[in-house]
2 protein chains.
Amino acid sequence: MTPRRQQILSTAADLFAARGFHGVSMGDIGAAVGVSGPALYKHFASKDDILGQCLLHASDQLLAGARELLPDAEAAPGDALEALIARHADFALDNPALIVVQEREWGALGADTRAQVRKRQLAYVDVWCDALRPLRPDLSAAQARAAVQAAFGLLNSTPHSARIGRGAMHALLTSMAHAALLPWTVTRPGGPGPSR
Amino acid sequence: MTPRRQQILSTAADLFAARGFHGVSMGDIGAAVGVSGPALYKHFASKDDILGQCLLHASDQLLAGARELLPDAEAAPGDALEALIARHADFALDNPALIVVQEREWGALGADTRAQVRKRQLAYVDVWCDALRPLRPDLSAAQARAAVQAAFGLLNSTPHSARIGRGAMHALLTSMAHAALLPWTVTRPGGPGPSR
DNA sequence: TCCGCTGGTTAATGATCGTTAACCCCTGTG
DNA sequence: CACAGGGGTTAACGATCATTAACCAGCGGA
C-alpha cells in the first residue's frame, strides 16, 4: 500500500471521528492531506470506499493482534485475558480515531463491506469470550458476550477523557477492565486501601 | 411542552443515533412523525435547534436524576455510588438513543448550546467523583475523573449489545461497574465461583 | 526523442439539503 | 358570523456535496 493511501486513510479517520462521516466532505479530506477534492479519486473509488478501507483496516488490526496473542497463552490460560486487555488498551490509546469510527459509522457502510467488518468484529469478540469463559463458568455464553462488550466500552472510553498521561491511563484502564471481568481475582495492593 | 414537540425530539434522537446528525434530513424526521419536512419549523427554529433540545433534555435528565439521589445517601455515604450506578444503568437501558447522541454529536452543536450541555456533563461527572473519592483515596482527582468516564463507557455499552434481557443486563452492568470502581469491596457469592 | 502512466488541477453536473414563502384548513372565541 | 392563530401543505431558492470530464506536468523506459 502506497504511503499516500495510508496518509489519506489516517487523515480521513481523524476527520470522521471528529465530525462524523456525513459531516466531512471530500474537499475536507483533500485539504487535510494537501490536495484538493477530486484528487482523492486517484486513490479510492468513492467516499464510501475510504470509510470502508478505514474500518476494514481497523478491524483487521484488532483481530490480527488478538490472534497473535493466543499461541503464547496456551500454557498459562489465565493470562490470555490479561494480554487481550493490555493489547486492546494499547490499541485504543494509540488509535482513538479508529476506535471512534469503528463503533460509530458501521451503519454508513454498504452491505458487503459491513458484512466483512461485522465478521471480523464477531471473531474478535469470540476470541475474548474463549479467553473469558473458562475463568467465569458462572456466565452463560450470552452473558459473556455482553460482559466483553461492556469491557470494550470501558477500554474505548479513552477518547472521551485522557486528561492523565498515557501510562497512567493504560494502568487505570487495564486494572478496571480486569476487575470488571474477573472481580474475585483482585488483590488489594499493600498501600492504603479504601477500608481505612 | 406540547406532546408534538416531545414526539419530534424522541423520534429525532432515534434517527440521529442510528445515522448521525448529518445523515438525517429534516424530511426524514418529518416523515418519521407523519408530517413532511418544513412542518417541523412550526415547532423548532432549525435542525440544530432540534439537536440542541435533545442534548439539553438528555443532560438535564441525567444530572437531575443524580442530584435527586444525593440527599438520601448522606446517612450511608458508601451507598451513594451504588445508587448512581443503578440509576445510570436504568437511564442507559431506557434511553439508548439519548446516550448515543449525547456522546457522539456534541461536536455538531453551536458554541452556546455546547457550553450549556458541557456544563451539565461536567457537573454530572463531579457528582460521581464526589461519591467515588471518599471510597478510593488512592485515586487523584484526575484519575477519579478518568475512572468515572471509563465507568460511563462500560454502562453506555448497552446500545452495542443487549442480547440478554433487560433485567439480566442491568444486573451485569451494575456488578461490573461496581467491581471496576470499587474492586476491593467485591464479595464472592456463595455459588460456584471460578476457583471451582 | 517520444510515449504512456501516475497523480495532480479546475470546471461542470446532478442530486440533496436546510430554509423560506405563500397558501390553506380547522377550531375556539368575541 | 367574523376572524385570529396554530399547524399543516407544496413550491422554490441557494448552498453544498459527490462525482465526472477534460486537461496537464513530470518521469521512467523503448
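Proteins come first, then strands; the chains are lettered A, B, ... in the order of their sequence lines, and each starts at number 1.
Evaluation of the side-chain contact (heavy atoms from CB on, under 4.5 Å) rule for A:Ala31 yields no partner, not counting sequence neighbours. With sequence neighbours excluded, the residues forming a side-chain contact (heavy atoms from CB on, under 4.5 Å) with A:Pro183 are A:Arg136, B:Ala179, B:Val186, listed by chain and number. Looking at residues two or more places apart in sequence or on another chain, you find a side-chain hydrogen bond (donor to acceptor under 3.5 Å, both in side chains) between A:Arg166 and A:Asp90, A:Asp94. In terms of the side-chain contact (heavy atoms from CB on, under 4.5 Å) criterion, residue partners of A:Ala32 (sequence neighbours excluded) are, by chain and number, A:Thr11, A:Leu15. For B:Arg133, the salt bridge (Lys or Arg N to Asp or Glu O under 4.0 Å) criterion is met by no residue, not counting sequence neighbours. Residues meeting the side-chain hydrogen bond (donor to acceptor under 3.5 Å, both in side chains) test with B:Asp28, sequence neighbours left out: B:Arg19, B:Ser25. Remark: B:Arg5 pairs with B:Met1, B:Thr2, B:His43, B:Phe44, B:Gln53 by the side-chain contact (heavy atoms from CB on, under 4.5 Å) rule, at least two apart or across chains. B:Gln121 is linked by a side-chain hydrogen bond (donor to acceptor under 3.5 Å, both in side chains) to B:Arg118, counting only residues two or more places apart in sequence or in another chain.
Within residues 12-43 of chain A, the residues approaching DNA chain D are A:Val24, A:Ser25, A:Met26, A:Pro38, A:Tyr41, by heavy-atom distance under 4.0 Å. At a non-hydrogen distance threshold of 4.0 Å, B:Ser46, B:Lys47 from residues 46-55 of chain B come into contact with DNA chain C.
A donor-acceptor pair under 3.5 Å is absent between the side-chain atoms of B:Arg120 and the main chain of B:Ser59, judged by distance alone.
Under the ring pair (Phe, Tyr, Trp, His ring centres under 6.0 Å) criterion, the residue pairs touching residues 137-171 of chain A are A:His88-A:Phe152, A:Tyr124-A:Phe152, A:Trp128-A:Phe152, with sequence neighbours excluded.
Close approach of DNA chain D to chain A, defined as any atom under 4.0 Å from a non-hydrogen atom of the protein, starts and stops at D:dC17 to D:dT20.
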